[in-house]
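Letters A, B, ... are given to chains in the order of the sequence lines, protein chains preceding strands, and every chain is numbered from 1. Atoms considered below: every heavy atom in the structure, side chains included; atoms not considered: hydrogens, waters and symmetry mates.
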Amino acid sequence: MKEKNTGTDKTYNPKTSEEKWYAEWVSSGAFHADHLRQGEAYSIVIPPPNVTGSLHMGHALNVTLQDVLIRYARMNGRNTIWVVGTDHAGIATQNVVERELKKEGIARQQLGREAFEERVWKWKEQSGGTILHQLKRLGAACDWERERFTMDEGLSRAVKEAFVRLYEKGLIYKGRYIINWCPRCHTALSDLEVSFEENKGSLWHIRYPEEAGGEGIVVATTRPETMLGDTAVAVNPKDERYAGMIGKTLRLPLMNRLIPVVGDPMVDREFGTGAVKITPAHDANDFEVAMRHGLPSVRVIDDSGIMTLDAGSWAGQDRFACRESVVAKLAEDGLLVREEPYVNNIGRCYRCQTIVEPAESMQWFVKTKPLAEPAIEAVRSGQTRIIPAQWEKTYFEWMENIRDWCISRQIWWGHRIPAYHCSACDKTIVDAEKPSKCPYCGQQDPKQEEDVLDTWFSSGLWPFSTLGWPDKTAELERYYPTTVLVTGFDILFFWVARMMMMGLECTGKVPFRDVVLHALVRDAKGEKMSKTRGNVIDPLEVIDKFGTDAFRFTLVILAAQGRDIRMSDDRVEGYRNFMNKLFQAGRFVMMHADETTARELPKNLTVVDRWIFSRLQRVIDEIRKGIEEYRFNDAGHAFYHFVWHEFCDWYLEMIKPSLEPEVAAQDRERQRAVLLRAYETIMALGHPFIPFITEELWHTLPGDHGLLYDTRYPSSDAAVIDADVEKDMEYLMDVVRAVRNIRSELNVPPSRKVEIRLKGQSDRLSFLKEHEEILRRLPRAEQVVYVNSDYIPKGDATAVVNGIEVCVPLAGLIDFDQEAKRLRKEIDKSNAELARVTGQLRNDKFIANAPEDIVETLRNRQAALEEKLEKLGKNLELVSGYLS
RNA sequence: GGGCGGAUAGCUCAGUUGGUAGAGCAAUGCCCUUACAAGGCAUGGGUCGCAGGUUCAAGUCCUGUUCCGCCUACCA
């Protein structure tokens with residue numbers, strides 16, 4: 001069924017295996033969740049990308065991390081489900097389609113609501129959801145048979161149900177308040193949907209004369225145009241400057257209206273002039289003041305940002321033109337006291353960047369306080385963990401100061417609010433099903449609310465609506481609460497917080513056990529990627545260039561908790577090289593292992609084998625721990641280092657002698673089996689990170705393999721860990737390194753074989769003797785000889801490892817000057833360390849307070865250094881003899 | 001205004017109970033040694049932002065401080 005790699009390719013080619021294996025995974029049904037399958041449930045719902053979206057770096061990181069978790073869980077025998085789908089993204093999508101229409105010269109109003117909605121659906125069918133196909137390029141093990149859309153039938157039902165339930169509990173209400181209005185999108189926005197930025201504007205001081213003819217009061221404002229709608233001036237009742245003014249009447253300039261001075265503690269005496277103009281219809285604070293004092297409200301800016309008829313002669317002007325004009329007129333009238341530069345924050349619509357206008361308006365709200373309480377408690381009690389934990393504080397902060405959530409939007413694309421108005425009795429009927437007549441007065445055909453719900457209302461239900469809620473489905477029973485939610489910290493409030501509230505309210509359970517928040521992916525310079533900056537790196541291009549696995553591994557390695565990621569081609573290239581390394585190691589394995597190679601691990605392992613397996617156990621633990629604690633970079637690094645710098649650099653080199661034809665067949669076969677087994681384990685270990693190449697190589701290996709996706713993840717066996725063997729091997733490697741160092745530093749040509757003379761106590765030499773072949777092969781030595789204690793390494797280059805002297809005779813070749821330099825460097829290094837160690841050991845307080853094992857280690861270190869220095873010193877003397 | 005994060009090798013960053021500072025890339029030297037030049041071997045490089053404190057011992061804990069970045073907020 002599968003094409004086997006013939007071993008002729010010199011490098012790994014990702015393209016062919018990626019397509020092949022994704023198709024294979026899907027068609028085998030491996031990604032499809034079955035609630036009847038055994039194993040503890042492990043569930044993830046994907047943060048649904050917007051239907052309008054296309055894959056960007058943020059998705060790539062997000063999806064990769066989830067895929068690592070899902071594959072890992074699956075390989076550990078869990079019953080996994082990864083729910084996938086898209087979000088209808090109300091305003092964003094509507095804007096996209098409106099822009100399209102505009103190209104045809106049509107405004108949505110001309111089209112009418114129904115036709116427009118149809119148009120959006122058509123657009124969604126055609127170009128929406130391409131992002132989901134792009135996820136496949138990443139290898140995402142999503143359950144495509146359960147793909148959902150926030151506006152599909154089931155989820156729409158969930159939305160209506162949730163709305164009705166909340167309404168009936170009094171948690172949803174309708175009322176006139178100040179909301180954020182986008183004059184471009186023509187809709188209300190929630191507080192979160194407004195992003196603030198610093199703006200260098202002015203603070204204008206304007207005199208409001210007293211009606212009676214006095215000086216009046218000077219107010220300060222950043223938005224003079226709103227004065228046309230002023231209905232009062234407020235001062236702090238404790239402010240002595242205005243002690244006599246409260247209750248007096250002022251004449252509102254330009255409008256010639258009479259307005260009162262009121263006293264309100266909200267006013268900060270320190271700011272500006274200590275007097276605030278009150279515009280109840282266009283400022284949230286002023287609105288509250290007006291409520292407290294029973295002041296009227298005058299809307300002077302309309303839904304499009306144009307001055308209303310109530311703005312007098314400014315009616316019809318744009319709000320910003322009006323500002324200039326008002327200021328000019330005030331100056332002309334001598335009422336502009338002064339204008340000072342002032343930096344304040346202005347809010348912009350997060351979808352279209354238009355400056356938002358606070359406006360009094362009739363809207364629907366969710367009463368959030370009662371919902372926030374359990375959501376806070378759930379995190380406080382640990383039912384849901386937020387990782388990294390530092391985000392919990394931010395979460396609490398926001399939840400504790402939460403304000404009611406404006407959920408109605410005056411757009412057409414979205415879930416229409418399931419509320420109906422009876423024109424006869426003026427009552428509101430909230431019902432999931434459209435009532436045929438008013439239940440209060442019997443009037444026929446009540447009219448449905450025009451507004452739709454905030455997109456985040458439906459996404460707030462995502463973890464359970466996708467599993468069938470409000471029905472009690474088997475999936476909901478099996479997979480909810482979900483195990484982990486992986487998302488960017490930027491939507492902690494927008495989405496995570498809302499899911500917590502809605503989940504607890506609707507299901508009585510938290511929506512997820514763990515919330516893993518990852519950071520942003522930036523460009524190589526650390527700048528946020530954006531179309532306007534032109535620094536966007538397209539994940540698909542990276543994949544085309546380097547392969548999915550290299551790309552995924554880069555993301556994993558860079559995904560240190562909570563830290564932003566800087567992405568660049570150079571990075572990916574480095575890990576592409578790692579993929580090739582894995583591939584090359586595979587070729588090596590395939591050169592030696594074949595169908596006849598034993599499937600089981602042989603019993604009588606060599607020390608070298610025991611070493612690599614001992615190390616392997618530790619690495620398995622490290623990787624497992626890393627993934628389980630969401631420390632993906634730790635896991636990735638552990639894998640990388642082990643594969644490249646232990647398995648490839650040392651192990652493969654060390655076993656080469658035992659794979660050669662002259663080795664006894666039995667031993668050779670044994671070695672092949674061990675090699676194959678170790679490599680198989682590596683493939684399995686790497687699979688969650690780099691699924692394609694591992695699956696490919698897995699099937700290239702001799703023997704019948706099922707999908708690696710469905711194979712058990714390696715577990716460590718403590719009994720296989722052998723600290724003594726690890727220590728011995730470290731020693732052996734140190735000797736090899738010492739000889740290599742001599743060769744390199746003294747410029748011994750690689751072609752030239754050397755002799756190694758070892759001098760030292762026999763018990764320290766015995767291990768080296770047992771592995772003489774390695775000692776010969778790796779540093780390219782002709783022979784190893786063991787010399788007596790009276791041997792004088794005249795004309796040798798020397799090093800000291802573990803108390804034995806490693807001598808390399810270089811008759812005629814040695815540069816004594818160079819060798820003396822080399823020895824001195826080593827002596828200096830050891831001396832420096834010895835000084836540190838001795839200093840510490842001379843400290844009585846250290847001896848008295850430090851734990852015994854620490855002191856012991858240091859003493860051993862001291863002894864070893866002294867021994868080493870003594871020998872190095874003698875050898876240096878010897879070399880110096882030749883110099884003088 | 002409040003909160004959070006960062007400051008460690010030339011660059012980008014790890015460093016989880018305090019116990020001799022690590023990686024990748026870059027750099028330097030030598031090598032086409034039959035798995036791999038997308039490679040191998042070896043080497044150089046850091047007073048861990050600054051100032052105090054706790055401790056036998058601090059990159060790691062505490063206090064203060066400077067410079068960046070982000071989030072949040074009803075000073076008009």
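For A:R743 and B:A42, the shortest distance from a side-chain N or O to OP1 or OP2 is not below 4.0 Å. Of the side-chain N and O atoms in A:R566, one or more sit less than 4.0 angstrom from OP1 or OP2 of B:C13. Look at A:R631 and you won't find any side-chain N or O under 4.0 angstrom from OP1 or OP2 of B:A14. For the pair A:K581 and B:G40, the criterion of a side-chain N or O lying under 4.0 Å from OP1 or OP2 is met.
The aromatic rings of A:F647 and A:Y651 sit parallel, their planes meeting at an angle under 30°, below the 60° perpendicular limit. Classification of the A:F578-A:F639 ring pair by plane angle, with boundaries at 30° and 60°, yields perpendicular.
Of the candidate nucleotides B:U43, B:A35, B:A14, B:U43 has the atom nearest to the side chain of A:K825. Side chain of A:N580, nearest nucleotide from B:G40, B:U16, B:A38: B:A38.
For A:D549, the side chain to side chain contact (heavy atoms under 4.5 Å, CB included) criterion is met by A:Y12, A:M579, A:I690, A:P691, A:F692, A:I693, not counting sequence neighbours. Not counting sequence neighbours, the partners of A:T222 by the side chain to side chain contact (heavy atoms under 4.5 Å, CB included) test are A:L203, A:Y342, A:N344. With sequence neighbours excluded, the residues that form a side-chain hydrogen bond (donor to acceptor under 3.5 Å, both in side chains) with A:Y208 are A:D230. Under the rule for a side chain to side chain contact (heavy atoms under 4.5 Å, CB included), the partners of A:E197 that lie at least two apart in sequence or sit in another chain are A:I346, A:R348. Shown here are the salt bridge (Lys or Arg N to Asp or Glu O under 4.0 Å) partners of A:E400, two or more places apart in sequence or in another chain: A:R380.
A salt bridge is absent between A:D523 and A:K525; no separation between the charged side-chain nitrogens and carboxylate oxygens falls under 4.0 Å.
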Acceptor/donor pairs from residues 829-845 of chain A side chains to any protein atom, 3.5 angstrom cut, sequence neighbours excluded:
from	atom 1	to	atom 2	distance (Å)
A:S830	OG	A:E826	O	3.1
A:E833	OE1	A:R861	NH2	3.2
A:E833	OE2	A:R861	NE	2.7
A:E833	OE2	A:R861	NH2	3.3
A:T838	OG1	A:L834	O	2.6
A:T838	OG1	A:Q862	NE2	3.4
A:N843	OD1	A:K845	N	2.9
A:N843	OD1	A:F846	N	3.4

Residues 743-753 of chain A side chain polar contacts: donor-acceptor under 3.5 Å, at least two apart:
from	atom 1	to	atom 2	distance (Å)
A:R743	NH1	A:R752	O	3.2
A:R743	NH1	A:P779	O	3.1
A:R743	NH1	A:R780	O	2.8
A:R743	NH2	A:P749	O	2.8
A:R743	NH2	A:P750	O	3.4
A:R743	NH2	A:R752	O	2.5
A:E745	OE1	A:K825	NZ	3.3

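Between A:V589 and A:D649, the residue anchored nearer the 5' end of RNA chain B, judged by the nucleotide with its closest heavy atom, is A:V589. Mapping A:W650 and A:V837 onto RNA chain B by nearest heavy atom places A:V837 at the nucleotide closer to the 5' end.
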Annotated protein contacts, base or backbone, on nucleotides 23-30 of chain B with a non-hydrogen cut-off under 4.0 Å, one of B, S, - each: -S----B-

Sugar-phosphate or base contact per nucleotide [nucleotides 54-63 of chain B; S, B, -; heavy atom under 4.0 Å]: --B-------

Heavy-atom protein contacts under 4.0 Å, nucleotides 66-76 of chain B, coded B base, S sugar-phosphate only, - none: ------SBBBB

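Residue pairs meeting the salt bridge (Lys or Arg N to Asp or Glu O under 4.0 Å) criterion with at least one member in residues 265-274 of chain A, sequence neighbours excluded, do not occur.
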Dot-bracket notation for RNA chain B, counting Watson-Crick and G-U pairs under 3.5 Å, with | for partners on another strand: (((((((..((((.....[..)))).(((((.......))))).....(((((..]....))))))))))))....

Test log, rule side-chain hydrogen bond (donor to acceptor under 3.5 Å, both in side chains), inputs A:Q584 and A:N580: CA-CA 6 Å; A:Q584 299 301 341; A:N580 187 48; 3.2 Å; yes

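Comparing B:G29 with B:C71, their C1' atoms sit 49 Å apart, to the nearest whole Å. The separation of B:U55 from B:A21, taken at their P atoms, amounts to 23 Å, rounded to a whole angstrom. Taking atom P on both nucleotides, B:C61 is separated from B:A14 by 15 Å, rounded to a whole Å.
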